[in-house]
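Residue numbers start at 1 and run along the sequence shown.
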Amino acid sequence: MRNTFYTEAELRKTLAENLVYLRKSKQTKLSQKAVARLLHLPEKTIMNYENGHTLPSAYAVFRLAQYYGCTMEDLLTQNMKKKER
C-alpha cells in the first residue's frame, strides 16, 4: 500500500474515469448494461459508478477489479488511461 492519502472525492473521480476507460477499451467495448449483467448488478448502479455519483461497496470494487484484471488499489487510485501509454 502506498503512503498516499486520498479524499473520497478523488477516489470517486478516479474510479469513475477508470471504469469508463476500461469498459470502452475492452475488445468487445461493452455497454453499461452488458457489464451490469456480467457482474449481476443493476445497470443504474454501473451508470452511477461511472458518473461518480456513487462509490461502490468493497465487494463491488473487488468484483470490478477481478473482471477488469487489475487490483482494487489500482482501480481506485491509478489513472489507467495514462498507465497504458
Taking only residues two or more places apart in sequence, or in another chain, which ones meet [X] in a side chain to side chain contact (heavy atoms under 4.5 Å, CB included)?
X     : result
Thr14 : Asn18
Glu10 : Tyr6, Thr7
Ala16 : none

Going hydrophobic residue to hydrophobic residue with side-chain gaps under 4.5 angstrom, can you get from [X] over to [Y]?
X     : Y     : value
Leu55 : Tyr68 : yes
Val35 : Val20 : no
Val61 : Leu41 : yes

Does [X] reach the side chain of [Y], with side-chain heavy atoms less than 4.5 Å apart?
X     : Y     : answer
Thr71 : Phe62 : no
Thr45 : Thr54 : no
Leu64 : Leu22 : no

Find the distance between [atom1] ([X]) and [atom2] ([Y]) and round it off to the nearest 0.5 Å.
X     : Y     : atom1 : atom2 : answer
Tyr21 : Lys81 : OH    : NZ    : 8.0 Å
Leu15 : Thr77 : CG    : OG1   : 10.5 Å
Tyr49 : Arg12 : OH    : CZ    : 11.5 Å
Glu43 : Lys33 : CD    : NZ    : 5.5 Å
Met47 : Leu19 : CE    : CG    : 13.5 Å
Leu38 : Arg23 : CG    : CZ    : 12.0 Å

Hey, does the side chain of Asp74 reach the backbone of Cys70 with a donor-acceptor pair shorter than 3.5 angstrom? no
Which heavy-atom pair separates Pro56 from Ala60 by the least distance, and what is that distance? CB-CB, 3.6 Å
